[in-house]
Protein chains: 2
Amino acid sequence: MSAREQRQVASDAALSKQRVVVEAVRLADREGVHALSMRRLAGALGAGAMSLYYYVASKEELLDAMIDVVFEEIELPPEETDWQSAMRRRAVSARQVLARHPWAIGLMESRTSPGPAHLRHREAVTACLRRAGFPVLMATHANWLLDSYVYGFALQEASLPFDTADEFADMAEDVYLPQLPPDEFPYLNESAAVLAAAGYDPAEEFAFGLDLVLAALEPLRVPT
Amino acid sequence: MSAREQRQVASDAALSKQRVVVEAVRLADREGVHALSMRRLAGALGAGAMSLYYYVASKEELLDAMIDVVFEEIELPPEETDWQSAMRRRAVSARQVLARHPWAIGLMESRTSPGPAHLRHREAVTACLRRAGFPVLMATHANWLLDSYVYGFALQEASLPFDTADEFADMAEDVYLPQLPPDEFPYLNESAAVLAAAGYDPAEEFAFGLDLVLAALEPLRVPT
DNA sequence: TCGTACATCGTACGTCGTACGCTGTACTAC
DNA sequence: GTAGTACAGCGTACGACGTACGATGTACGA
């Protein structure tokens with residue numbers, strides 16, 4: 001039995017850049033980026049730490065590659081529908097993906113050069129807007145506005161300390177309200193009370209703002 | 001001369017939580033969060049590394065405090081104007097502040113409990129919206145939408161590899177276009193060309209989307 | 001004078017990213 | 001066959017990190 005085959009027994013497959021990056025994403029999903037170290041990643045792959053550097057020049061490059069994996073997961077705007085439905089589809093998909101990989105949002109701030117999947121994504125979105133009749137500069141504006149909304153929403157959602165409406169109700173009662181004296185924060189108290197009663201769903205919240213933005217963009221295009 | 005006075009000669013003032021946190025913000029502004037270590041921070045303050053732990057329980061707590069310093073810098077919506085002007089003022093201020101402290105955006109993703117300045121800020125914004133006639137749930141929607149836009153815009157702006165229009169023009173020509181084959185990315189090429197010619201200003205881009213959002217929110221309030 | 005609270009620091013431990021150099025295997029050329 | 005070379009992976013070591021722990025000296029009330 002060769003050393004190669006022995007490794008395969010230990011880790012079920014040979015190393016590859018693909019496998020390294022995908023396992024890194026899994027690890028970050030499970031325990032956060034702060035817990036992602038080259039040694040732990042290597043451990044999860046049944047390999048030595050330095051072996052990873054055959055496939056990845058540095059940890060920075062690994063993080064860039066991880067972000068691009070995330071972009072690959074986001075649905076492109078479908079071509080066969082009206083532009084609003086298409087943009088809604090891809091925005092909803094983006095929110096879902098970013099909620100699945102919250103670490104990716106924080107990473108984007110520090111990484112400046114977009115990967116291939118990111119570029120393909122931008123191209124598809126721009127194409128959709130241009131074909132819908134938005135002039136070049138308007139398409140740029142729309143792109144910024146929509147992406148800002150999606151990323152900003154994901155960022156806020158990631159920093160919520162709860163995942164479900166029930167958790168929110170518990171949280172509001174046990175943690176928030178006690179540290180919000182009603183005389184100092186009357187409006188936040190009001191909001192918290194109403195939200196706790198009405199229930200809270202991030203997906204609905206997202207849809208509300210998204211539809212508002214899409215409707216506001218509609219008159220800016222020049223129908224073909 | 002006491003040891004205390006000697007230290008004052010070395011660092012111009014006694015240590016305090018305030019001074020530690022403010023210097024940490026300065027360091028992060030100058031060299032990025034990744035360059036902010038307890039040892040380097042202590043060095044900048046003319047102190048030993050472990051001395052910081054008298055004022056700060058952990059690095060995590062330091063980061064939380066840094067974020068709250070950032071929120072303190074953001075202008076609250078003024079009370080004496082119409083709601084759109086008030087929200088525009090605070091949004092513009094927020095963008096400027098976040099552009100000055102880009103590390104803060106990436107940090108927000110991982111820290112879940114808002115500091116006192118953050119809470120005061122939310123209260124003031126909610127108050128402004130409620131007084132403008134937005135019902136409770138609508139005020140929540142508006143809050144999410146506006147904050148998403150501001151944070152998302154700041155996030156995108158932070159990941160731009162240039163700061164001025166001139167830099168953008170250079171960048172577009174030297175770096176972007178070469179890696180964007182026109183047959184694969186026709187629309188991105190078109191955008192880049194038009195933007196390079198028309199010039200590019202993040203403040204204007206921000207204002208465009210912001211005004212669109214504010215106008216879209218206007219009909220949702222119930223005038224008092 | 002003594003005790004105690006305050007403010008600061010030195011040392012040490014485990015972990016991090018990664019530079020460097022060594023291995024063994026697979027394959028090509030002769 | 002055999003020598004040479006590229007591939008894929010690993011062990012060790014270095015400097016930096018966050019911080020637990022305990023020692024230090026000073027200020028001040030009893």
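Order of the sequence lines fixes the chain letters, A, B, ..., with proteins taken first and strands second; residue numbering starts at 1 for each chain.
- The existence of a salt bridge linking B:Asp147 and B:Arg90 is confirmed by a sub-4.0 Å separation between a basic side-chain nitrogen and an acidic carboxylate oxygen.
- Neither side chain, B:Ser113 nor B:Asp64, offers a donor N or O lying under 3.5 Å from an acceptor on the other.
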Result block: side-chain N/O donor-acceptor pairs under 3.5 angstrom for residues 93-104 of chain B, not counting sequence neighbours:
| residue | atom | partner | partner atom | Å |
| --- | --- | --- | --- | --- |
| B:Ser93 | OG | B:Glu75 | N | 2.9 |
| B:Arg95 | NH1 | B:Glu157 | OE1 | 2.9 |
| B:Arg95 | NH1 | B:Glu157 | OE2 | 2.6 |
| B:Arg100 | NH2 | B:Glu73 | OE1 | 2.9 |
| B:His101 | ND1 | B:Asp29 | OD1 | 2.7 |
| B:His101 | ND1 | B:Asp29 | OD2 | 2.9 |
| B:His101 | NE2 | B:Glu73 | OE1 | 2.9 |
| B:His101 | NE2 | B:Glu73 | OE2 | 3.1 |
| B:Trp103 | NE1 | B:Asp29 | OD1 | 2.7 |

Any N/O pairs under 3.5 Å between the protein and nucleotides 21-24 of chain D? List them or say none.
none

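- Counted within 6.0 Å of CZ on B:Arg89, heavy atoms from surrounding residues, nucleotides or ligands total 12 or fewer; the atom is thus considered open.
- Every residue two or more places apart in sequence or in another chain was checked for a side-chain hydrogen bond (donor to acceptor under 3.5 Å, both in side chains) with B:Arg39, and none qualifies.
- We find that CG of B:Leu15 is positioned 12 Å from C1' of C:dC9, with the value rounded to whole Å.
- The aromatic rings of B:His118 and B:Phe71 lie parallel to each other, their planes meeting at an angle below 30°, with 60° marking the opposite boundary.
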Exercise for the section: For salt bridge (Lys or Arg N to Asp or Glu O under 4.0 Å), just list the numbers for B:Arg26 and B:Glu23, CA-CA rounded to whole Å, side-chain angles, deciding distance to a tenth of an Å, and then say yes or no. Expected result: CA-CA 5 Å; B:Arg26 254 206 290 273; B:Glu23 187 62 38; 3.1 Å; yes

Exercise for the section: For the pair B:Leu36 and B:Arg40, evaluate side-chain contact (heavy atoms from CB on, under 4.5 Å) and give the outcome as yes or no after the intermediate values. Expected result: CA-CA 7 Å; B:Leu36 172 65; B:Arg40 304 237 296 131; over 6 Å; no

Expected list for residues 184-197 of chain B: side-chain donor-acceptor pairs under 3.5 angstrom, two or more places apart:
| residue | atom | partner | partner atom | Å |
| --- | --- | --- | --- | --- |
| B:Asn189 | ND2 | B:Leu180 | O | 2.9 |
| B:Asn189 | ND2 | B:Phe185 | O | 2.8 |
| B:Glu190 | OE1 | A:Arg130 | NE | 2.8 |
| B:Glu190 | OE2 | A:Arg130 | NH2 | 2.7 |
| B:Ser191 | OG | B:Tyr187 | O | 3.4 |

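- For the segment residues 33-40 of chain A, the set of residues with a heavy atom within less than 4.0 Å of an atom of DNA chain D comprises A:Arg39, in numerical order.
- For DNA chain C, none of the residues of residues 56-70 of chain B falls under the heavy-atom distance limit of 4.0 Å.
- Residue A:Gln18 places its CD atom among 12 or fewer non-hydrogen atoms of other residues, nucleotides or ligands, all under 6.0 Å distant.
- Of the candidates C:dC9, D:dT19, C:dG17, C:dC9 carries the atom nearest the B:Ser51 side chain, counting heavy atoms from C-beta on.
- Straight-line distance from the CG atom of B:Leu52 to the C1' atom of D:dT19: 11 Å, rounded to whole Å.
- When rounded to the nearest whole Å, the span between CZ of B:Arg19 and C1' of C:dT8 equals 14 Å.
- A straight line from OH of A:Tyr54 to P of C:dC20 spans 18 Å, rounded to a whole angstrom.
- Ring orientation note: the planes of A:Phe153 and A:Phe206 are nearly perpendicular, at an angle over 60° on the 30°/60° scale.
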